[in-house]
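Just below is one structure, and these are the notes that go with it.
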Amino acid sequence: MKGSQNSPFQRALKSIPGGVNSPVRAFGSIGGEPFFTERAQGHKLITTDGKTLIDYVGTWGPAIHGHNHPEIKSAIAEALEKGTSFGTPNTYEVPMAEQVIAAVPSVQKVRMVNSGTEATMSALRLARGFTQREKIIKFEGCYHGHSDALLVKAGSGALTHGNPDSAGVTQQAASDTILLPFNDLNAVNQAFEQNPRQIAAVILEPFPANMGLVLPDEDFLTNLQKIAHENGTLILFDEVMTGFRVAFGGVQELLGITPDLTAMGKIIGGGLPVGAFGGRTEIMDFLAPIGPVYQAGTLSGNPLAMAAGLKALELLVQHDPYDRLNELTLKLRSAMLESFSAKGIPVQIPTAPSMLSIFFSENPVRSFSDVMSSRKELFKPLFHGCLEKGVFLPPSPFEAWFISCSHDETAIDQTCEIMSEVIKTI
Ligand code: KE4
């Protein structure tokens, strides 16, 4: 989509840094001018210049039911009738907490916040307070939001814009963050040998999806947890993206691995600002006001976000869409594999239920360095070719594509057709 001099984006550039309120929306790594969305319905975005797009960004994860779901909308409307924020406990917070506890194996108590960044930042502070240790381990290419200690070789927008180690993060703030290659148990063992009894937590996306989707080796997560626990270190799963998406209880339900703490977000807000973190009671009770670890938020547990999130979770319980989401994901994957092989372009297309991404590589992609040695430049023509023909992919090779409950066979078939036409031109 070509922008003109007085396009909405040109106007945005005058008042918002980079014209966007979140960098990954700026099309930085694939070029071109971002379109503005007028409204969204189901699996479609309708742009301000009148285009209808099949959407695989899903507002970066929350829209598992598609956009503007009527039941989520009326749940918000009902809550809205009673007001927007009270600054006191409200009648939606406890049902939400109880629903999250019922769904997520590791969670016995949960605290609501307003973003995934807040969730991981707060969970890390809790892990440090509980263990009375300062160091943490994170993996290259994983993105856990933009708190200082975690903006070290981070994925998603940080990677897209080539500043995985952000300016403004002081050496001091990053000094306790040990950075390891994902899927590398030798590096994990070495880190623990070199930092005996000093590591508070290992934080990871159990299915990293912010450098593209990089799945863990068969035994990686179980061995990682074993090594961490042998060293008195907590495991913190960042399931902000995968929670309630790959399974109702996230990766930890899918693989039967129970971490000590879990960060959540996106889906549990039904499209409104939300985050959450939870874990064993003995750890969570270290939080203020009963424990020494401070954490707070004016709009945490906001009734509108709780009402929207509760309805989103209720719909997942009611419809149990995961097998169908996985079928549609695999259908899209096999169509793309066929088209790329016909074109003679080697690709890897890892998937999880309702999630996939693409790497232009002959070999499986197991780590950040594998990602960086893939032929990322081929993503740009794929993105723009699809956009021109009405399919909106995430505007970065380092993001996961999302399929929603609203994507029907027709939408997937249309996408496969468009993909095969575009792939012929790459
Ligand atoms: P937020 O602070 O953006 O709500 O959540 C941060 C976060 C934490 N953990 C994981 C695993 C995440 O994927 C995210 C945010 N995801 C990106 C997209 N991959 C958000 C998109 C954006 O930055 O605009």
Side-chain angles (χ1 to χ4, degrees), residues 16-29 34 37 55-64 112-124 136 138-161 163-164 166 182 202-216 236-246 250-252 259 261-277 297 299-300 302 305 308-309 352 354-357 368 371 392-402:
I16 305 172
V20 290
N21 281 311
S22 199
V24 75
R25 303 177 198 167
F27 284 20
S29 68
T37 296
D55 175 29
Y56 288 93
V57 176
T59 175
W60 304 100
I64 193 163
M112 302 309 294
V113 293
N114 297 284
S115 70
T117 294
E118 259 193 277
T120 56
M121 175 184 73
S122 310
L124 270 189
I136 61 168
K138 91 171 274 291
F139 293 96
E140 291 169 348
C142 281
Y143 179 71
H144 304 292
H146 61 89
S147 61
D148 282 3
L150 293 170
L151 264 189
V152 184
K153 246 273 174 72
S156 186
L159 189 55
T160 303
H161 291 268
N163 51 352
S166 169
F182 190 68
V202 180
I203 182 170
L204 69 153
E205 298 172 65
F207 285 177
N210 282 291
M211 49 177 143
L213 180 58
V214 172
L215 295 172
L236 164 48
F237 272 8
D238 176 352
E239 297 225 48
V240 167
M241 191 191 284
T242 52
F244 304 93
R245 173 166 283 281
V246 298
V251 171
Q252 56 195 273
L261 288 167
T262 301
M264 296 159 276
K266 295 184 191 274
I267 286 172
I268 61 171
L272 297 188
V274 78
F277 62 104
L299 293 170
S300 298
N302 174 273
S354 84
M355 293 171 69
L356 68 101
S357 64
F368 178 76
V371 170
F392 179 44
L393 305 177
S396 159
F398 308 120
E399 295 291 348
W401 309 5
F402 296 119

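Whatever order the structure lists ligands and atoms in, that order sets their numbers, starting from 1. Values in this document were obtained by computation on a predicted structure and should not be read as measured data.
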* Asked: What part of Thr117, side chain, backbone, both or neither, has a heavy atom within less than 4.0 angstrom of ligand 1?
  -> both
* Close approach, Thr120 and ligand 1, non-hydrogen under 4.0 angstrom -> no
* Below 4.0 angstrom from a heavy atom of Glu205, which ligand 1 atoms are there? Numbered from 1 as shown, please. => 11 (C)
* Asked: Nearest heavy atom to atom 15 (C) of ligand 1: which of Arg25, Met241, Lys266, His144 does it belong to?
  -> Lys266
* Non-hydrogen side-chain atoms of Glu205 and Val214 separated by less than 4.5 Å -> no
* Structure fact -> Note: ligand 1 atoms sitting under 4.0 Å from heavy atoms of Ser115 are 2 (O), 4 (O)
* Looking only at distance, does Ser22 have an N or O less than 3.5 Å from an N or O of ligand 1? -> yes
* Asked: Is there a side-chain contact between Pro395 and Arg25, using heavy atoms and a 4.5 Å cut-off?
  -> no
* What are the atoms of ligand 1, with element, lying closer than 4.0 Å to any heavy atom of Ser156? -> 17 (C), 18 (C), 19 (N)
* To do: Start with the C-alpha gap between Glu239 and Phe207, add the side-chain angles, then the distance that decides, and say whether side-chain contact (heavy atoms from CB on, under 4.5 Å) holds.
  => CA-CA 8 Å; Glu239 297 225 48; Phe207 285 177; over 6 Å; no
* Asked: Parallel, tilted or perpendicular: which fits the ring planes of Phe182 and Phe139, with parallel below 30° and perpendicular above 60°?
  -> perpendicular
* Asked: Can you tell me if Ser396 and Glu399 form a side-chain donor-acceptor pair at under 3.5 Å?
  -> no
* What is the closest protein heavy atom to atom 7 (C) of ligand 1, and at what distance does it sit? -> Gly145 N, 3.8 Å
* For Thr242, which of Val240, Val246, Asp238 qualifies under side chain to side chain contact (heavy atoms under 4.5 Å, CB included)? -> Val246
* Can you find a non-hydrogen atom of Gly275 under 4.0 Å from ligand 1? -> no
* **Under-4.0 Å heavy-atom contact with ligand 1, by part of Glu399 that carries it** => side chain
* Asked: Can you find an N/O atom of Asp238 closer than 3.5 Å to an N/O atom of ligand 1?
  -> yes
* Output yes when the distance from some N or O of ligand 1 to some N or O of Trp60 is under 3.5 Å, and no in every other case. => no
* Asked: Under 3.5 Å between some N or O of ligand 1 and some N or O of Gly116?
  -> yes
* To do: Over all heavy atoms of both residues, which pair between Met241 and Lys266 is shortest? Give the atoms and the distance, please.
  => CA-CD, 4.0 Å
* **Non-hydrogen side-chain atoms of Phe237 and Leu261 separated by less than 4.5 Å** => no
* Could you go step by step and tell me if Thr262 and Gln252 meet the side-chain hydrogen bond (donor to acceptor under 3.5 Å, both in side chains) rule? -> CA-CA 9 Å; Thr262 301; Gln252 56 195 273; 3.0 Å; yes
* Structure fact -> Out of Ile203, Asn21, Asn210, the nearest non-hydrogen contact to atom 12 (C) of ligand 1 is supplied by Asn210
